[in-house]
> 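Please find one structure pasted underneath; my questions will follow.
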Amino acid sequence: MVAIELPKEFAYVLFAALASALQMFVAAAQVGKYRKKFNIPYPIMSTDKKEQKEFNYAQRVHGNYVEGFTLYILFLIITGLSFPVYAAVAGAIYIVGRQVYSIGYMIHPQKRMYGAIIFDLALLALLGGAIYSAYLLSPLA
């Protein structure tokens with residue numbers, strides 16, 4: 001049996017995870033706001049009406065977040081086991097990137113790219129950290 005002792009700094013990783021979950025919750029609330037504003041009933045996921053484009057934009061912002069969240073959390077936690085401060089900083093950068101993405105997308109979908117680049121680079125940093133952390137925690141190290 002393997003016992004993992006978590007450093008105190010792992011709390012920063014947990015704060016990054018909680019902050020990103022809160023951010024995703026806010027994105028979901030945005031979808032609800034536009035659903036109510038335009039009287040779009042469930043289960044409709046998008047609309048063809050040009051004047052309701054904000055609903056589609058909010059739906060894609062939230063959907064994109066949900067699509068990538070599992071990998072982000074997995075990489076964040078695995079990286080944080082060995083490098084908690086590094087993971088928390090990368091998590092904070094990911095959160096900033098997600099916010100820039102969200103703001104840009106709500107203006108126009110083409111304006112999402114700056115945020116996407118930021119959060120994708122943070123995700124790559126976490127992937128690298130997760131691979132190295134897994135190696136350090138394995139019998140191979």
Side-chain angles (χ1 to χ4, degrees), residues 1-138 140-141:
M1 178 156 161
V2 175
I4 299 174
E5 185 176 322
L6 299 174
K8 284 186 89 138
E9 293 84 2
F10 192 77
Y12 302 138
V13 175
L14 298 177
F15 283 125
L18 289 169
S20 57
L22 178 62
Q23 186 181 44
M24 188 168 50
F25 178 79
V26 170
Q30 286 291 100
V31 174
K33 173 181 131 182
Y34 289 111
R35 185 179 291 283
K36 186 174 182 178
K37 177 181 177 180
F38 298 121
N39 197 27
I40 300 170
Y42 289 101
I44 294 172
M45 297 293 284
S46 66
T47 178
D48 293 332
K49 296 179 181 175
K50 215 171 196 175
E51 64 273 7
Q52 296 177 346
K53 66 184 179 188
E54 293 97 343
F55 174 74
N56 291 338
Y57 293 173
Q59 187 78 300
R60 276 310 307 143
V61 166
H62 179 253
N64 185 267
Y65 210 139
V66 170
E67 291 161 8
F69 194 70
T70 304
L71 286 178
Y72 161 71
I73 289 295
L74 180 68
F75 297 164
L76 179 74
I77 291 172
I78 293 172
T79 300
L81 292 173
S82 299
F83 311 104
V85 175
Y86 172 86
V89 170
I93 293 168
Y94 182 88
I95 291 166
V96 168
R98 277 287 173 190
Q99 194 61 36
V100 171
Y101 175 92
S102 177
I103 292 167
Y105 205 119
M106 292 306 294
I107 294 168
H108 191 278
Q110 292 175 337
K111 296 190 181 282
R112 74 190 191 283
M113 292 311 296
Y114 292 116
I117 290 168
I118 295 168
F119 76 71
D120 281 340
L121 288 173
L123 194 60
L124 283 173
L126 288 168
L127 170 60
I131 291 168
Y132 190 52
S133 181
Y135 168 75
L136 292 177
L137 294 168
S138 77
L140 301 172

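Excluded from the calculations below are hydrogen atoms, water molecules and symmetry mates; all remaining heavy atoms, backbone and side chain alike, are included.
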> Could you pull out the closest heavy-atom pair between Ile95 and Ala19, with the gap in Å?
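Looks like CD1-CB, 3.7 Å.
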> What heavy-atom pair brings Leu76 and Gly91 nearest, and what distance separates the two atoms?
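Minimum heavy-atom contact is CD1-CA, 4.1 Å.
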> Give a yes or no on this: more than 12 heavy atoms of other residues, nucleotides or ligands lie within 6.0 Å of atom CZ of Phe10.
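It does: Phe10 CZ has more than 12 such atoms within range.
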> Looking at Tyr65, I want to see if its OH is surrounded by more than 12 non-hydrogen atoms of other residues, nucleotides or ligands under 6.0 Å.
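Enclosed: over 12 neighbouring heavy atoms sit under 6.0 Å from OH of Tyr65.
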> On a heavy-atom basis, which atom in Ile73 and which in Ala17 lie closest, and how many Å separate them?
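Ile73 and Ala17 have their closest heavy atoms at CD1-CB, 3.9 Å.
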> Which pair of heavy atoms, one from Ala130 and one from Ile78, lies closest together, and at what distance?
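Residues Ala130 and Ile78, closest heavy atoms: O-CG2, 3.4 Å.
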> A side-chain contact here means heavy atoms from C-beta on lying under 4.5 Å apart; do Gln99 and Gln23 qualify?
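SC-SC contact between Gln99 and Gln23 confirmed.
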> Going by the rule side chain to side chain contact (heavy atoms under 4.5 Å, CB included), which residues pair with Val96 if we only count those two or more places apart in sequence or in a different chain?
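Applying side chain to side chain contact (heavy atoms under 4.5 Å, CB included) to Val96 gives Val100.
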> Any idea which heavy atoms bring Leu6 and Leu81 closest together, and the distance?
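Looks like CD2-CD2, 3.5 Å.
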> Under a plain distance cut-off of 3.5 Å, with no hydrogens placed, do Gln59 and Tyr34 share a side-chain donor-acceptor pair?
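There is no such pair between these side chains.
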> For side-chain contact (heavy atoms from CB on, under 4.5 Å), just list the numbers for Lys49 and Phe55, CA-CA rounded to whole Å, side-chain angles, deciding distance to a tenth of an Å, and then say yes or no.
CA-CA 10 Å; Lys49 296 179 181 175; Phe55 174 74; over 6 Å; no
> Could you state the interatomic distance from NZ (Lys53) to CE (Met106), rounded to the nearest 0.5 Å?
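That separation rounds to 10.0 Å.
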> Residues in side chain to side chain contact (heavy atoms under 4.5 Å, CB included) with Asn64, at least two apart?
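Only Arg60, Glu67, Arg98, Tyr101, Phe119 meet the side chain to side chain contact (heavy atoms under 4.5 Å, CB included) criterion with Asn64.
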> Does OH in Tyr114 sit with more than 12 non-hydrogen atoms of other residues, nucleotides or ligands closer than 6.0 Å?
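Atom OH in Tyr114 is not packed in, count stays at 12 or less.
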> If you measure from CD1 on Ile93 to CG on Leu126, what distance do you get to the nearest 0.5 Å?
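Going from the CD1 atom of Ile93 to the CG atom of Leu126 covers 9.0 Å.
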> Taking atom CZ of Arg35 and atom OH of Tyr42, what is their separation to the nearest 0.5 Å?
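So the CZ of Arg35 and the OH of Tyr42 are separated by 5.0 Å.
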> Could you tell me which residues satisfy side chain to side chain contact (heavy atoms under 4.5 Å, CB included) with Leu123, sequence neighbours excluded, listed by chain and number?
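If we apply the side chain to side chain contact (heavy atoms under 4.5 Å, CB included) test to Leu123, skipping adjacent residues, the hits are Tyr72, Phe75, Tyr94.
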> For residues Val61 and Ser102, report the shortest heavy-atom separation together with the two atoms involved.
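The answer is CG1-OG, 3.6 Å.
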> Using atom types as modelled and distance alone, determine if a side-chain donor or acceptor of Thr79 lies under 3.5 Å from a backbone N or O of Ala87.
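Checking the backbone N and O of Ala87 against the side chain of Thr79, no donor-acceptor pair under 3.5 Å is found.
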> For the atom pair OG (Ser20) and CZ (Phe69), what is the distance rounded to the nearest 0.5 Å?
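The CZ atom of Phe69 is 4.0 Å from OG of Ser20, to the nearest 0.5 Å.
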> Quick check for you: to the nearest 0.5 Å, what is the distance between Asp120 atom CG and Leu127 atom CG?
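Rounded to the nearest 0.5 Å, the CG-CG separation comes out at 11.5 Å.
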> Could you give the distance from NZ (Lys111) to OH (Tyr57), rounded to the nearest 0.5 Å?
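Going from the NZ atom of Lys111 to the OH atom of Tyr57 covers 11.0 Å.
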